[in-house]
Amino acid sequence: MSTRRNILKGAAATGALATFGVGYADTLKKLAKGHWSGERPDKALAGNAPDPEYRIDPETGDLALNPDQALSYTMCIGCTTMCGVRVRVDKTRNEVLRVAGNPYSPMSTDPFIPYETSVRDSFRAMAQTGAGQGLTNRSTACGRGNAVLQQVTNPRRVLKPMKRVGPRGSGEWQTISFEQLVEEVVEGGDLFGEGRVAGLREIRNLETPAVEGAPEYGPRANRLVWMNCVDDGRDNFALRWLKQSFGSNNFTRHGSYCGGAYRSGSGALFGDVKKMPHAKPDFSEAEFIIFAGTAPGNAGNPFKRVGALVAQARATGKLTYVVVDPVLNNAQNAPSGNRARWLPIKPGTDGALAMGMMRWMFENDRINAAYLAQPSQAAADAAGEANWTNATHLVVVEDGHKRFGRMLRGSDIGLAVAGEPYTDADPYMVASDSGPVPAGDSAAPLLFDGVAGTAGGPVAVKTALTLLREEAMAQSLDAYAQDCGIPAETIAGLAREFTSHGRKAAVNSHGGMMNGSGFYNAWALTMLNTLIGNLNWKGGTMIAGGGFPETKGPAYDLASFPGAVTARGLPYGRNAPYEKTAEFRAKQAAGRPYPAEGPWYPQAPGLATEWISSLVNGYPYHAEALIFRNTNPVYGIPGIAHVMDRLKDPAVVPLIISVDPFINESSAIADYIVPDSVMYETWGFTKPWGGVATKATTARWPVIEPRMAQNAEGQRVGLESFLIATAKRMGLPGFGEAAIPDAEGNLHPLNRAEDWYLRGAANVALLGAPVGDASDDDIELSGVSRIRADLEAVLKPGEWRKAATIYAKGGRYENIEQTYTGERATHAFAAPMQIWNEAVGSFRRASTGKRMPGTACWRVPEFADGSRVAEHYPDADWPVKLVSFKSPLQNSYSVGAKALLRIVAANPVMIGRDVAEPRGIATGDMVRLTTPGGQLDSVAVVRDGLAPGTVAIEHGFGHRGFGAEDITIDGQTTPADPRLAAGVLLNDLGMMDPTREKAGVWVDPVSGTAVRQGLPARVERIG
Ligand code: SF4
């Protein structure tokens, strides 16, 4: 079948066609012929098509470059997928003309070409010459990726440093010099005529505690807090400045209002709720996939690759899949017949479906008992399993026991342990006929409910699988069906189908889990994978292959440096145990340790959702300065509008700096905006989040000259130059002349972005078996000649050509043959799956003092005080559920690419017929949507393809930033563009949690993630 490994077949072969350009040239010729009625256009093949970037002579295979264009491999950051792409650059105009895929990159191509392929041959590989060519090595950018290059020339870009004029958020700015910016933010002073503001120099105090009498919060330096978006490949640079040089421990990303609930649920299963590992289906080899709350080719990460692989697998006839979602979108493809089905589900109830399926699997003996019964790596190895679980491990379930919810360990029953209790030396225990015994190298009983003799007397214990089974059996199949709106026989049929393919079936999920039960819903869905034992198997689920880290390589140490600070202190988002705080100690001493003044989330990673609450309430403490870096929580967090106005008061957070290429909804309330690079002007290294089983690092480099203003030293103003300048002014370690150690211990300078990223490229190139040297031809063809002088100046003679290879090929990619070793994934996840996660099963909610289940389960949504959301907002008053969905085109920051608005100009509200007809709503009517969190008016589209009782809003519209409102700079007003403001934003209807003592939005109780799927709502026709 597919020629996954035969991918350069015919690359240089001759063909019968005449000389032609790459890509769509032939198609466009035909189109042009028809369009111009036989007249041949003199240059362009279609209205606005630029000349081809190169031509290949089919007779000789010779490549002829277009001398006016460079063709460079780099990275798209049009969304968080961050694909490897190739861009055509008009060298004279310093302009990106077109974007397509990088054929070396698995994010854009499958099969991707071998890394050893020369750049010249990579161009040939994409041409249509020779048998097996044409679409075989097609490498694509998505629709958004083709459009977002418009952001480079967006007239509303911030190109010079700006300082607010008048009150925060008034929309009035003045441009200032870079040097004034650096001086003011570092030194502080009466910056706005509103009183003295502490500068960064003063805030960076590593001695004075952030909170008097509460050393657990670390030093005052922690009062500088940093909100980031996704890691676009520059976070390591930012983190060096913030944590190791400045000494603040407070950094967070956007995950808690993106897809964090899914990642947290998966993290519980994979045993790491901070890094949140997750696996993806082997889309190419699986026979059956359930996509829950994520649709292939529509959303999720990497949506473009997943869409392509699923289409490919579906076309071969092997893959069948079901999309479980309240909204039918383009994932259900009619021509694929019954190989793709849509299963409508009530919003936010995926856990009921998953636990119903589990119940059926337990009752019908359709779990992979042979896999689940292996209690250790040794046992799994002996049994030929590719992974193992703690299904057989015993859990303490004795009410009131100090280790309730924890795993029974050898020391608990008095075994001599060669090390500290509850460390790796202390064995986990399994059941046996003679009582608990250490987990050994053979199978153990899966189900046990009894007692274990301990030094303190008999203690009730159960195996982890027993506890999961009890959760599954807690409701009847009919009750699960009632809760999720899917008939019991359909749930049973889905479970039967899922368990009919051995290990070649999988469940996939992502952003659809952002609901009030998201954490447990995600854990339940991912648990289905574990119950059939599909992890690390071809056709099952596989983790990402990882990347080639740039910071800690054989050439340079970018991860540490002389004088580096160790940042410390509990995190600002309260994703830490409340029991470590002075507040707990005081309340415990007073006899009532719970509830805390606000919720804490020890089982969560950094929480932007909770940061805004921390900022406006000063809980656990007040921040003195806030940096937004290319992020937009004001737009992204449902319900946050209820508290955001308080941030406009400088007394709440005295200094807000935004590093951003645009004035989005969040940078609009900043005091200063530092302009930044976009897309093809910027540096960075990323690796795929998931869905790529081979190692891959994508490299981004400025293929065009950045447009931002220059500082006095001639450097472009941006993130790196700002951080370097502020660090040098404050005399922070890790920047300046002696900052970067090499392998011999010599120190090298960090005065420019190139000093960092080019050394990172050398590390990427030299890791393991080093990559080959880039030839002059590679350098010339890929446009790396633009940075050749820098490569030679910064790097050593033996390094620079290898680093040049990284940029010439747009990264470093392990070859596709490394995907599998036999029937297994080459890059396997080694740690055991957590049927019971003792960290989750033993912590107490700070807001209630109560424990949460330590295994997958179905729980209806709750507020922070443990009360059910439905008690506050009953269905009788709020009869519909509101959800958001994504199209493959628009995201939260792409609206400025106006080509996208020409395809979809706004987002009318999608209403199902069962909701619309009784209310007399027809397509085109104005409707009013009301939730407990807000109200908005929009145009209705009445359609099929929505679950009963559901109203849906596409994400990415309803902006107030990016030019959707007037912007005044230096007295000149750029009027609002109504196209940028078009549509509505579901987050305006997001809800506060009415049970919280200190204001905060409604979040999932374990993962602290935002709730946007399943908002209780009303809808009415208003015109
Ligand atoms: S999926 Fe599209 S927009 Fe996102 S990074 Fe890839 S090409 Fe760019």
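Nothing fancy with the numbering, it's 1 onward along the sequence. Both ligands and their constituent atoms are indexed starting at 1 by order of listing.
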> Which pair of heavy atoms, one from Val85 and one from Ala100, lies closest together, and at what distance?
Replying inline: CB-O, 3.0 Å
Among all residues two or more places apart in sequence or in another chain, which pass the salt bridge (Lys or Arg N to Asp or Glu O under 4.0 Å) test with [X]?
| X | value |
| --- | --- |
| Glu116 | none |
| Lys898 | Asp977 |
| Arg234 | Asp232, Asp676, Glu720 |

> Taking only protein atoms, how many N, O or S atoms are found under 2.8 Å from atom 6 (Fe) of ligand 1?
Replying inline: 1
> Taking the six-membered ring for Trp, is the centroid-to-centroid distance between Tyr813 and Phe112 below 6.0 Å?
Replying inline: no
> With distance as the sole criterion, is a donor-acceptor pair present between the side chains of Asn228 and Thr631 under 3.5 Å?
Replying inline: no
